[in-house]
Amino acid sequence: MKTVNIMIVGVGGQGSLLASKLLGNVLVGQGYDVKVSEVHGMSQRGGSVVTYVRYGDKVYSPLVAEGEADYIVSFETLEAARHAPMLRKGGRIIVADRQIDPMPVITGAAVYPRKILDELKDKGVFVDSFDALSLALDAGSVKAVNIVLMGRLSNYFPFGEQVWLDALKNTVAPKFLEMNIKAFRSGRNSQ
Amino acid sequence: MKQLLIGNAAVARGLWEAGVKVISSYPGTPSTEITEFAAKYNEIYCEWAPNEKVATEVAFGASLAGARSACAMKHVGLNVAADPLFTLSYTGVRGGMVICVADDPAMHSSQNEQDSRHYAQAAKVPMLEPSDSAEAYAFAKAALDLSEKFDTPVLLRMCTRIAHCQGIVDVGTREETPLLPYEKQPEKYIMMPGYAKKRHPVVENRTEALTVFAEQCPFNKVERAPGAEMGIVTSGTCYQYVKEVFGDSVSVFKLGLVNPMPVKALKDFASGVKRLIVVEELDPVIETHLRNIGLQPEGKSLFPTVGEFSQKDLKKILLNVEEESVSADSPIPGRPPVMCPGCPHRGLYYVLAKLKLTVLGDIGCYTLGATPPLNALDSTLCMGASVSGIHGFNKARGGESEAKTVCVIGDSTFMHSGMTGLCNIAYNATNSTVIILDNSITGMTGHQQNPTTGYNIKGDPATKIDLEALCHALGIGRVRVVDPYDLKECEKAVKEELSAPEPSVIISRRPCMLLKYVKANPPLTVNADACRSCRSCMRLGCPAISMKNGKAVIDATQCVGCGVCRQLCPFGAITDKEVK
């Protein structure tokens, strides 16, 4: 099979590492070769962060390059647009419809492009945007946006819900499991 | 058993299985998790040392004592540890010893992109370079045998894309290695001239023996593509990009032992191809070796010396192919990293910026004080350079400078290499003002304990170095502590210490907001009726505050209620009360 490329993008500190860990566990459990490239260090402090997840029969490069991504999962609107050039033709963006102003916008040096997702849709890009933040808050924590997004993403994969829930059990601390299952299901059933 | 492990966890696993007993390290992205994962194995004693030189010397001591040992650091950390490294090459080891060093091409979290392969060549020690997690595990494990077989420390070179990439590793079990009996061997371990002169030829002979070993060693791999014109010599993560783009359609010589490199094997490989290409990030180390043995490769004539590669670069440079892509037409504002909401450094930096001081900075989260709107830093060089640097700055510019210049350094960085600079300030007498930003943790690398936190790597209570007493002991009479959330107190302290007729230390003390034990206050809100759009609060550069429809707004999901912005609002519009 052709290697499938997924990018998880967002703002440092939003929990993309946990999301990629869950996804990696699901894919390894399905018997694929998997590589997951994480981001640590300085950009974790509120900067633009990218995690690459690749799976297939044999995965070589840990990175996804321009025009190669099958899926971009984004925690934030602007970050989805920033990484849109990474999408292959026919690729999909799954995005939490949420605006987090970067510092150049806060200081007035730049303007936040509010209609940016519509621009992409007008160019024929598949964009699945939804209010992941409200679903996360309903599940019990703003921090659960990552798992809500994974729930939404799971609809695009042929693996059953139980596969994801089993992987979730191996990924999050027991005391947060119930909240995360709720978050995952609310994302999965939101479509 | 198959596990999905980041390269650093795979290294830790390999070291553990090889029977390593002692690991000492200083955290540094992208090397930190090697030691964090190793610390989860009870059979290994692990510690955070104050700096990389100490860590390497601790590993040496353990090796001398007959145990297998290791240390881990980022590329610039090896600069600090270079002193023991170069002479360790002469002494060799007793128990096997591995020095893990992680380079950071593209500088994701570093101040330069130096290539640590030069150290292997300069210190004349072998260096292994894995290309994925499975090799990181296997090479780490094998490095201990290599170290003992050739009586040398072994460098294990990681890079960001290996260290922080998860891949599948088929792990094994730990084999205990017995502690070797201690033998006093002055001629081997006392490196004074008489003995060192005898050791240098040993080093040269070892390199010769390692070069012979390299000709057929299990770390190097030749993949021949019958009939292919192109032959690529590569190593590490670049090997993956080569395979991604070319699969089995070109011949590949993959170096796992990147120092020393073979001669005959590479000449044989070159003789079987029409076009010899080197794909390597950073400096032309492999390319230079190929030229030195009389080959004519293409390398840096095609590929940049700057930054990291991906399959995209290889496709474009070697095949002239670019993938199609779509982008939005509106400009996308950048999103640089910022200090977190509630970061204790922010209040202090606000005061320094307000007083328009010259600020010599250091390495850590607080380097982010350099960014707009605070723009509070003038320099950042390396660990500890703020404290040493302000002394030189003030010696050059005199009293006028002493009254308006400070330096800032974190608690962990101060323990790493700020102390010696402070000792110099006291001893050689400048009236310098040093600010220690004590957030009670090593922040940027992801919360590691250090000698000032009172806890060790396992989170168990440990001796807590008293910073005030330490500064006094280093010869500083004026030492005071401020709370960086209290802007008035900070401003008063900075002004007083700048005008004091002797050197002083201000400890700006408040724990990092991200620490689990630090509880957030309820978020603050802006009373839009009271807000007069003066933007005073915007001068802090807090990511939780923005302007919406001309009024300041605080994002309740980000605000931790630190209250610094409230002290700046001249109209009392920022409140902890619900605003209807």
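Letters A, B, ... mirror the listed sequences (proteins, then strands); counts begin at 1.
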Are the side chains of B/Q166 and A/N25 in touch, meaning some heavy atoms are under 4.5 Å apart?
no
Would B/Q311 and A/S61 count as having a side-chain donor-acceptor pair, cut-off 3.5 Å?
yes
Pair B/S109, A/R45: side-chain N/O donor-acceptor within cut-off below 3.5 Å
no
Please determine if B/E244 and A/K58 form a salt bridge, counting it only when a charged side-chain N lies under 4.0 Å from a carboxylate O.
no
Cationic N near anionic O, under 4.0 Å, B/K315 to A/E68
yes
Nearest 0.5 Å, please: how far is CG in B/D555 from CD in A/Q99?
10.5 Å
List the atom of B/C542, the atom of A/I106, and the distance in Å for their closest heavy-atom pair.
O-CD1, 4.0 Å
Might you point out which heavy atoms bring B/P331 and A/P113 nearest each other, and give the distance in Å?
O-CG, 3.8 Å
Counting only heavy atoms closer than 4.5 Å, note whether A/V34 contacts chain B via side chain, backbone, both or neither.
both
What part of A/Y32 gets closer than 4.5 Å to chain B, counting heavy atoms only: side chain, backbone, both or neither?
backbone
Check whether [X] reaches the backbone of [Y] with its side chain - one donor and one acceptor, N or O, closer than 3.5 Å.
X      : Y      : value
A/K123 : B/S327 : yes
B/R335 : A/I100 : yes
A/E119 : B/A328 : no

Using a cut-off of under 4.5 Å for heavy-atom pairs, which of A/E79, A/K21, A/M86 has the most such pairs with chain B?
A/E79
